[in-house]
Protein chains: 2
Amino acid sequence: MSTEFDLIARYFDRPAPPGYLGVGDDCALIPLTPGHRLATSTDLLIQGRHFFPDMDPRALGHKALAVNLSDLAAMGARPLACLLGLSVPSVDHAWLEAFAGGFHALAQRAGCPLVGGDTTRSEGGIAISVTVMGEVPPGDALRRSAARAGDDIWLTGTLGAPDVALRLLQGRLPPDERLLAGTRRRLEWPEPPLAFAAALAGIAHAALDISDGLVQDLGHILKASACGAELDYAELPVDEALAEAGLADELIRDAVLAGGDVYQLCFTAAPAERARILDLAGHMAQRVSRVGRILAAPGLRLRHGDRAVALPAQGGFDHFS
Amino acid sequence: MSTEFDLIARYFDRPAPPGYLGVGDDCALIPLTPGHRLATSTDLLIQGRHFFPDMDPRALGHKALAVNLSDLAAMGARPLACLLGLSVPSVDHAWLEAFAGGFHALAQRAGCPLVGGDTTRSEGGIAISVTVMGEVPPGDALRRSAARAGDDIWLTGTLGAPDVALRLLQGRLPPDERLLAGTRRRLEWPEPPLAFAAALAGIAHAALDISDGLVQDLGHILKASACGAELDYAELPVDEALAEAGLADELIRDAVLAGGDVYQLCFTAAPAERARILDLAGHMAQRVSRVGRILAAPGLRLRHGDRAVALPAQGGFDHFS
C-alpha cells in the first residue's frame, strides 16, 4: 500500500452516500437520476500561478472545490460528486488536515462528496486537480450558446472585490488593511450560488461563471450565441467594500468590468421571467442584479445611464468589437 | 480569451459524439445508459516522478489516458468520456501536437472522447491530470471486495516487462539494447484490456489493475474481501522478452511478482466460469492465465508446482501476512 493511498485514506475518505461506492476501489460508482445528463468539469491549480505559496490551506481547500462547483452552477447542474488529485512536495500533516477540512466543509454543504482521488509527492510546488460531476435534465442545461436577442442580462453577487484583494496582496495597490479585510474573503472563499443556479435551469437561457472578468466572460456568451449586448454601468453590483474605500473611479471600473476570480453567475433570461427570477432570488436570499440586455447586433456596448462609456482596454474586448 | 483556452481549442478539441456537449462550455454534458451507474477515476502524473522529462510525448499522451482507462477496465466499466488537465512550463507546439496525438488515438480507439479540460502554464515541470468516466450496471461492477473462497485467480497479458524496462532506463540494470527494445513498449504504451474487461462484468467477481505489482495489488483484493490466496509461480505469464534474455531467476521473479506499471487485470471468478472465460478470451484474442485460487484463510502463499516459494521482501506483502 503506497504513501499515496494512505494520504487519501487518512485525510480525504468519508463515508459515501447510499448508492455510491466511494474511495478505495479502482473507480467510484455514482448513481444518476434517470433522464438526466452527467455534467462535468475539471480544473488544474498550480502553486505560484493560481494561488500564493502561503495561502491559508483551509481557504485553498475551499477554493479548489468552489471554482469547480462554479462550473456546475453555470450549467444549472446539481452536484453529485468530486474527485481530487493532489501533488505536494512533502507530507505536512497540519497543512493536509486544514486543506482537507476546507475542502470537505464545502463538499458537505454543496452535497458534493469526494469519492476518489490520487495523491503524490512532487519535486516542485503544489498542484491540485479537482473534477466535479453533477446532473441536469438535458433540455434545462444553461449553455453559453442559448442567449437570445431581447434577453435581460443578470448577475448574482457583487463584482470587483476579488480583483482589489489580489492587487493589494500583490503590492499593486498601496497597503490598506481595512480594504484588504473587506475584500479578501471574496478572493479566497468564493461562494458560487449553487442552489439558485440549479433553480434557474429551465428558466434562464444562457449562463456562465465569471472567472476572467465580466467583459471577457460575457464575450464568450455573445460569441457562442452570435449576438451582442448592452450593459448599464449604473446597474452593476459594485462590491460595498470598494464603494466605501474612496478608490479612484477608474480603478473601481477596471476591477468591476475586468476583474476575475468572482465565481458568481452571469445569465440571460427572457423579460417575461423577471418576476419569477426576483421571486426565486428573494426566497433563496440570493442577491441578483439586472444589468443589461442581449442585442441582435454583434458587439458589446457599455453605458452609464444615457451616456456611452469606453470599455477597459484589457478584458478581452478585442474579440468582440 | 486566455492562452489556456486556446491550447484546449487548438490541440484537444474534437467533435463530440451525438448527445454529448464537448469542449467549450462551463461543463461537458454526457448521456448515461438508463440503469447504469457512473464509474469514475482520476490520476495526477508529475514529471520526474511518474515519467522522465524526455519521454516521447506521443507515448506520454497515450499512457496518461491508458493508466486511467485501466481503472475503468478494473471495474468492468465501458468508457464514456475523459477530461484532461495539463500544466506545461512553456508552449512547445511540437510537443503538444505529439502529446495530443497519442492521447486522442487511444481515446478514439477506446470510445472515450475528450470532452473538456484545463491547460495552464506551470513554473516547474509538466503535470498531467486525467479523469475518466464510464458506465456499468451496478450489479455487474467488479469490486475489490467481491472475491470468494474457491475463486480462481486470473491475469490478462504478461508480467515483468515494464519493470525491467524501467530498471534499464534508470541504469539499475547494465545496458542491453535488445532487452530494452523488447520491454520498453510494455512500459510506455500500456494497453488495458478494455473490451475484455467490460465483457467480464457480470461473470467475474473481483478485479483490479496491476499498477504497483501483482503481490501488492492482489493484497488489496484479499484485504477488501477478507480472504487469502495461493499463487502458482509456474502459471504466472512471464513476458517472453524476459525469458529470452537470460536474466537471473531472482530478477525475473522480482519483476514478475513486484514490478508495477503493468496495467493488466487481475480478476477472480468461480471455477464454473472457466470455460466461459477461456471462450471469451479466445474470441477476443485476449491472453489470459489462471494463476491461483482464493482461500478462506488470510495470507498470500506462493508455490512453484509443489514447492513453497518465499515472496519478495518488497511489494507490500507485510500487510497481508
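Chain letters run A, B, ... following the sequence lines, proteins first, then strands; residues in each count from 1.
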Close side-chain approach of [X] and [Y], heavy atoms under 4.5 Å:
X: B/Thr40; Y: A/Cys27; value: no
X: A/Leu38; Y: B/Leu29; value: no
X: B/Pro34; Y: A/Pro34; value: no

Any residue meeting side chain to side chain contact (heavy atoms under 4.5 Å, CB included) with A/Pro79, in chain and number order, not counting sequence neighbours: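 Residues passing side chain to side chain contact (heavy atoms under 4.5 Å, CB included) with A/Pro79: A/Leu69, A/Leu72, A/Cys112, A/Leu194.
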For B/Ser70, give me all partners under side chain to side chain contact (heavy atoms under 4.5 Å, CB included), at least two apart in sequence or on another chain.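 In terms of side chain to side chain contact (heavy atoms under 4.5 Å, CB included), with neighbours along the sequence ignored, B/Ser70 is linked to B/Pro192, B/Asp209, B/Tyr263.
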Out of [options], which one racks up the most heavy-atom pairs below 4.5 Å with chain A?
options: B/Pro31, B/Gly124, B/Ala77; result: B/Pro31
options: B/Thr42, B/Leu21, B/Leu45, B/Val136; result: B/Thr42
options: B/Ser129, B/Gly85, B/Gly116, B/Ala39; result: B/Ala39

Approximate separation, where rounding is to 0.5 Å, of [X] [atom1] and [Y] [atom2]:
X: B/Ser87; Y: A/Ile46; atom1: OG; atom2: CD1; value: 3.5 Å
X: B/Asp118; Y: A/Asn68; atom1: CG; atom2: CG; value: 8.5 Å
X: A/Asp217; Y: B/Asp26; atom1: CG; atom2: CG; value: 8.5 Å
X: A/Arg37; Y: B/Leu32; atom1: CZ; atom2: CG; value: 10.0 Å
X: A/Asp43; Y: B/Thr120; atom1: CG; atom2: OG1; value: 9.5 Å

Contact part of [X] toward chain A, heavy-atom cut-off under 4.5 Å: side chain, backbone, both or neither?
X: B/Ala74; answer: both
X: B/Ala207; answer: backbone
X: B/Glu135; answer: neither
X: B/Val132; answer: neither

Quick one: do B/Arg144 and A/Asp25 make a salt bridge, cutoff under 4.0 Å? yes
Closest non-hydrogen atom pair, B/Arg49 against A/Arg121: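 Minimum heavy-atom contact is CD-O, 2.6 Å.
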